[in-house]
Amino acid sequence: MTSNAGVLALAAVSFLITVIWGVPFIRILKWFKAGDSIREEMPDRFIEKVGTPTLGGLLFIFPAVFLTILMNAVEILGLQPIGKSIILPALTLLIYGGLGTLDDWEKLRKKDVGLGLSARTKFLLQIVLSIPIAYVLKFILDVPDLYLPGVFREIQLGVFYIPIASFLIVGFANAVNLTDGMDGLAGLISATCFATFGGIALGQGQLYIAQFCFILVGAVFGFLWFNVHPAKLFMGDTGSLALGATLAVIALMTGHWILLPIVAVIPVSETLSVILQVGYFKLTGGQRIFKMAPIHLHFELLGWSETQIVQRFWLVSLLFAMIGIGLANI
């Protein structure tokens, strides 16, 4: 299935697979009592979410990886260029999903405090995992270093590529993680970003990257079937870390990673709001810029409903996604 229409059709197949096994998957999580716990400082509405199954990222990770391998089995087994290329984003999804699963499992084990791995441990593990991925991108897959809008040649980054790629992978893993705080928010934003870079890949003729993107979009839509308000399932760090890191890898594979702050404007804004809040709090001895960070919580405390925030953030995301596609085609 190599035509553009076939690539897009894979999203529908992935969606159906994810939705079909979603019901038994949620039953399994409930049987294991994999319910989420909420920190005391969160807004009162989060109390009603206590006990909602987490680890929901597994719901879309497994179908996405399975269908990707199935559609590219010949190339993967033969280690042909397409096979080697498609392995990396799939592995990234699995590896960072595994790290997120470890963190979510620790939270389930310590429900009384609701804390998983320490922030330092999780951050160091993310860095350690990102460096070999960056190495593979640069020296094995030989992806483009950088394309700038309006510049009709590749910009060479030399030795700076590895640290930049590693920074993007770790940065966006955490950015999507910060975005995951309301029913449907991280899923909708991530699906929009992957669809955008899937469209960019199609424009470049990189059908295998586009294929992976739209398979993942379909799987995330299947997850959203159960995650829209009121959510029956949370993606947890399992899903958010996996989506963020994989999004960065896909952007790096297209060479248009400079557009990530535009296409992923919501995760970037969520991250900046936390950085600004923490920095201002320390500098002023306790004053705040926002009522609460990440910024979606600020708008909630201003009186916006959860549904309003998710819908409006998604509209902004769609607008900036269109801008990103436009810049990629200049």
Side-chain angles (χ1 to χ4, degrees), residues 1-23 25 56-97 141 143 176 184 186-228 235 238-239 242-254 256 263-264 314 317-318 321-322 324-325 328:
M1 189 179 293
T2 57
S3 68
N4 289 4
V7 168
L8 296 174
L10 286 172
V13 176
S14 181
F15 170 79
L16 289 173
I17 292 174
T18 306
V19 169
I20 288 170
W21 94 289
V23 174
F25 177 73
L58 298 174
L59 179 62
F60 58 79
I61 290 175
F62 287 150
V65 173
F66 168 76
L67 194 53
T68 297
I69 293 174
L70 184 66
M71 296 305 301
N72 299 278
V74 175
E75 290 84 359
I76 291 173
L77 292 174
L79 289 179
Q80 296 176 19
I82 288 179
K84 290 189 294 185
S85 298
I86 208 65
I87 286 173
L88 185 63
L91 272 180
T92 302
L93 194 68
L94 284 171
I95 291 170
Y96 276 83
L141 297 184
V143 301
V176 175
L188 281 170
I189 300 302
S190 298
T192 302
C193 293
F194 276 103
T196 301
F197 277 101
I200 291 172
L202 276 178
Q204 294 177 320
Q206 299 197 71
L207 294 181
Y208 54 95
I209 296 179
Q211 184 187 80
F212 175 83
C213 286
F214 287 107
I215 286 174
L216 188 52
V217 168
V220 172
F221 278 176
F223 163 78
L224 286 168
W225 187 268
F226 306 99
N227 182 244
V228 292
M235 72 167 64
T238 302
L243 288 174
T246 307
L247 175 63
V249 168
I250 289 295
L252 287 160
M253 291 180 77
T254 67
H256 284 287
V263 174
W314 188 35
S317 180
L318 286 170
M322 290 187 287
I325 291 177

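The first residue in the sequence is number 1, and the count goes up from there. Both backbone and side-chain heavy atoms feed into the values below; hydrogens, waters and symmetry mates do not. These numbers were taken from a predicted model, which means no experiment stands behind them.
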Identify all side-chain donor-acceptor contacts of residues 214-227 below 3.5 Å with residues at least two apart in sequence or on another chain.
{"unit_1": "Asn227", "atom_1": "OD1", "unit_2": "Gly184", "atom_2": "N", "d": "2.8"}
{"unit_1": "Asn227", "atom_1": "ND2", "unit_2": "Leu233", "atom_2": "O", "d": "2.7"}

- With Phe212, which of Leu10, Thr68, Val65, Val7 fulfils side chain to side chain contact (heavy atoms under 4.5 Å, CB included)?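 So the option named by the test is Thr68.
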- Please determine which of Leu188, Ile189, Thr196 meets the side chain to side chain contact (heavy atoms under 4.5 Å, CB included) test together with Ser317.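 Exactly one option meets the side chain to side chain contact (heavy atoms under 4.5 Å, CB included) with Ser317, and it is Ile189.
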- Message: Under the rule for side-chain contact (heavy atoms from CB on, under 4.5 Å), what residues qualify as partners of Cys213, not counting sequence neighbours?
- Response: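 For Cys213, the residues satisfying side-chain contact (heavy atoms from CB on, under 4.5 Å) (neighbours in sequence not counted) are Phe194, Ile209, Ile250.
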- Task: Not counting sequence neighbours, which residues clear side-chain contact (heavy atoms from CB on, under 4.5 Å) with Val13? List them please.
- Result: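 Partners of Val13 by the side-chain contact (heavy atoms from CB on, under 4.5 Å) criterion, ordered by chain and then number, come out as Ile17, Leu67.
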Once rounded to the nearest 0.5 Å, what's the spacing between atom [atom1] of [X] and atom [atom2] of [Y]?
X      : Y      : atom1 : atom2 : value
Leu93  : Leu247 : CG    : CG    : 11.5 Å
Ile87  : Thr92  : CD1   : OG1   : 11.5 Å
Thr246 : Phe197 : OG1   : CZ    : 13.0 Å
Gln211 : Leu202 : CD    : CG    : 10.5 Å

Least distance between heavy atoms, [X] atom then [Y] atom:
X      : Y      : value
Ile61  : Gly97  : CD1-CA, 3.9 Å
Pro89  : Met253 : CD-SD, 3.9 Å
Tyr208 : Ser85  : CE1-CB, 3.5 Å
Gly198 : Ala210 : O-CB, 3.5 Å

- Task: Could you pull out all residues at least two apart from Gln204 that satisfy side-chain hydrogen bond (donor to acceptor under 3.5 Å, both in side chains)?
- Result: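 For Gln204 the side-chain hydrogen bond (donor to acceptor under 3.5 Å, both in side chains) partners, ignoring immediate neighbours, are Gln206.
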- Item | side-chain hydrogen bond (donor to acceptor under 3.5 Å, both in side chains) partners for Thr192, two or more places apart |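 Once residues adjacent in sequence are excluded, the partners of Thr192 under the side-chain hydrogen bond (donor to acceptor under 3.5 Å, both in side chains) criterion are Trp314.
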- Task: Go through the steps to decide whether Val263 and His256 satisfy the test side-chain contact (heavy atoms from CB on, under 4.5 Å), and finish with yes or no.
- Result: CA-CA 11 Å; Val263 174; His256 284 287; over 6 Å; no
- Item | Test item: Ser190 side-chain N/O and Gly187 main-chain N/O as donor-acceptor pair under 3.5 Å |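 No, the answer is negative, given that no donor and acceptor are paired below the 3.5 Å cut-off.
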- Counterpart residues, ring-ring contact (aromatic ring centres under 6.0 Å, His included), relative to Tyr96 (two or more places apart):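 Counting only residues at least two positions away or on another chain, Tyr96 forms no ring-ring contact (aromatic ring centres under 6.0 Å, His included).
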- Message: Assess the residue pair Met235 and Leu243 against the criterion (side-chain contact (heavy atoms from CB on, under 4.5 Å)); give the C-alpha distance rounded to whole Å, side-chain angles, the decisive distance to 0.1 Å, and a yes or no.
- Response: CA-CA 10 Å; Met235 72 167 64; Leu243 288 174; 3.9 Å; yes
- Query: What pairs of residues pass the side-chain hydrogen bond (donor to acceptor under 3.5 Å, both in side chains) test when at least one of them lies in residues 8-23, not counting sequence neighbours?
  - Reply: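 Qualifying pairs, neighbours excluded: none.
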